[in-house]
Number of protein chains: 2
Amino acid sequence: MEQKLFKNYLGEKRLKLTKERLAVLQEVFAFHGHFAPEQLYFRMRDSGSKASRASVYRTLTLLVECGLVQRIARSDRGNVYEHIYGHGHHDHLICSLCGEIIEFYSENLEKIQEEVCRRNKFRGVSHILEIRGICGRCKG
Amino acid sequence: MEQKLFKNYLGEKRLKLTKERLAVLQEVFAFHGHFAPEQLYFRMRDSGSKASRASVYRTLTLLVECGLVQRIARSDRGNVYEHIYGHGHHDHLICSLCGEIIEFYSENLEKIQEEVCRRNKFRGVSHILEIRGICGRCKG
DNA sequence: GGTTAATTGATATTTAATCTCAATTTCATT
DNA sequence: AATGAAATTGAGATTAAATATCAATTAACC
């Protein structure tokens, strides 16, 4: 299903569905969780599917463009992504102590953002909301 | 006033108020707007005050820790900061086409975030909300 | 003023991400 | 199935932000 969407997107843009792009897509959707591009690259090497580092980065950009993948944060150690398709949109609480990432979704939050955009004559496309603080476990 | 706060913070942590730290602080508050660490470094060189690149970065970290400065985004070209003291908290709309950054503040948004934290037994400390899209001017 | 621990700065290093370009592959068209 | 144009790949070079190193310096406390 993701493949179909990806293929459509590539078709519209007259881009090609290569083995490498397919391999990246599959690995991205085989794994459920947050990941960095480098992690993805090494996981692919381990699992035998082949795509160069350059292709991994390039394909990730495409997957974000077509809405299958989301960049959810920029940590000190690079970008963090997650796949979207099949999961609802959500935002993140990030614990500054243990690094845990908690997902949440708030309809109200989304509505207010739309309102903000409207007031500023802005066409919102995507957003990143990360709330940093201390998680319940670390608070003790 | 910022100086007083900064001095207090350093005192508490048994850190020293050096010429360099002071110079960074002053430059940060002399300029109203968003800036990258590199910009700050070069602006300081131009204006004659001296601090090494390393000190600029190190001092920025301190200023964020003590709440005088906020990291508001991580662009592809590095982090973006702004000073806080004297300005209310706010979030940002970022135009993907021209790069313009529009500030906004929504009380409701803040309240909902508090609610989200409460529900997740999370103690929120700070947050970054950047809404990306197309600004009114670029929409045409 | 002396002592101690923190700080500085020039430079090297790290690391993510992008760029280069010849060789290869896809895909629409025969 | 063969062809050809245009897109894509990949190994390695490159870029750029940010951090680490460490001897020399400096602030803060007595």
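Chain letters run A, B, ... following the sequence lines, proteins first and then strands; every chain starts at 1.
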### Query
Are any of A/Ser52's side-chain N or O atoms less than 4.0 Å away from OP1 or OP2 of D/dT9?
no
### Message
A side-chain contact here means heavy atoms from C-beta on lying under 4.5 Å apart; do A/Leu10 and A/Leu62 qualify?
### Response
yes
### Query
Does some side-chain heavy atom of B/Tyr9 sit less than 4.5 Å from a side-chain heavy atom of B/Leu68?
no
Heavy-atom pair with the smallest gap, counting every atom of [X] and [Y]:
X        : Y       : value
B/Pro37  : B/Tyr81 : CG-CE1, 3.5 Å
A/Gly67  : A/Ile84 : O-CD1, 3.7 Å
B/Phe6   : B/Thr59 : CZ-CG2, 4.2 Å
B/Phe104 : B/Leu93 : CD2-CG, 3.8 Å

Residues 126-136 of chain A side chain polar contacts: donor-acceptor under 3.5 Å, at least two apart:
from: A/His127; atom 1: ND1; to: A/Gln113; atom 2: OE1; distance (Å): 3.0
from: A/His127; atom 1: NE2; to: A/His89; atom 2: NE2; distance (Å): 3.2
from: A/His127; atom 1: NE2; to: A/Asp91; atom 2: OD1; distance (Å): 3.1
from: A/His127; atom 1: NE2; to: A/Asp91; atom 2: OD2; distance (Å): 3.4
from: A/Glu130; atom 1: OE1; to: A/Arg132; atom 2: NE; distance (Å): 3.2
from: A/Glu130; atom 1: OE1; to: A/Arg132; atom 2: NH2; distance (Å): 3.2

#### Entry: Under 4.0 Å protein heavy-atom contacts per nucleotide of nucleotides 12-21 of chain C, with B for base, S for backbone only and - for none
----SSBB--
### Query
Is any NZ, NE, NH1 or NH2 atom of the basic residue among B/Glu38 and B/Arg53 found under 4.0 Å from an Asp or Glu carboxylate oxygen of the other?
yes
### Query
For the helix from C/dG1-D/dC30 to C/dT30-D/dA1, what is the angle between the axes at its two ends, each from 5 pairs, rounded to 10°?
40°
### Message
Just the rounded figure in Å: distance from P of C/dA6 to CG of B/Leu62.
### Response
14 Å
### Task
Rounded off to whole Å, could you give me the OH-to-C1' distance for the B/Tyr41 and C/dT11 pair?
12 Å
#### Entry: DNA chain C contacts made by residues 9-33 of chain B, counting heavy atoms under 4.0 Å
B/Leu15, B/Lys16, B/Thr18, B/Glu20, B/Arg21
### Message
If the condition is salt bridge (charged side-chain N to carboxylate O under 4.0 Å, His left out), which residues does A/Glu115 pass it with, not counting sequence neighbours?
### Response
A/Arg118, A/Arg119
Would you mind writing out the side-chain donor-acceptor pairs for residues 19-36 of chain A within the sub-3.5 Å range, not counting sequence neighbours?
from: A/Arg21; atom 1: NH1; to: A/Lys16; atom 2: O; distance (Å): 2.6
from: A/Glu27; atom 1: OE1; to: A/Ser47; atom 2: OG; distance (Å): 3.4
from: A/His32; atom 1: ND1; to: A/His83; atom 2: NE2; distance (Å): 3.4
from: A/His34; atom 1: NE2; to: A/Glu82; atom 2: OE1; distance (Å): 3.2
from: A/His34; atom 1: NE2; to: A/His92; atom 2: NE2; distance (Å): 3.4
from: A/His34; atom 1: NE2; to: A/Glu103; atom 2: OE2; distance (Å): 3.3

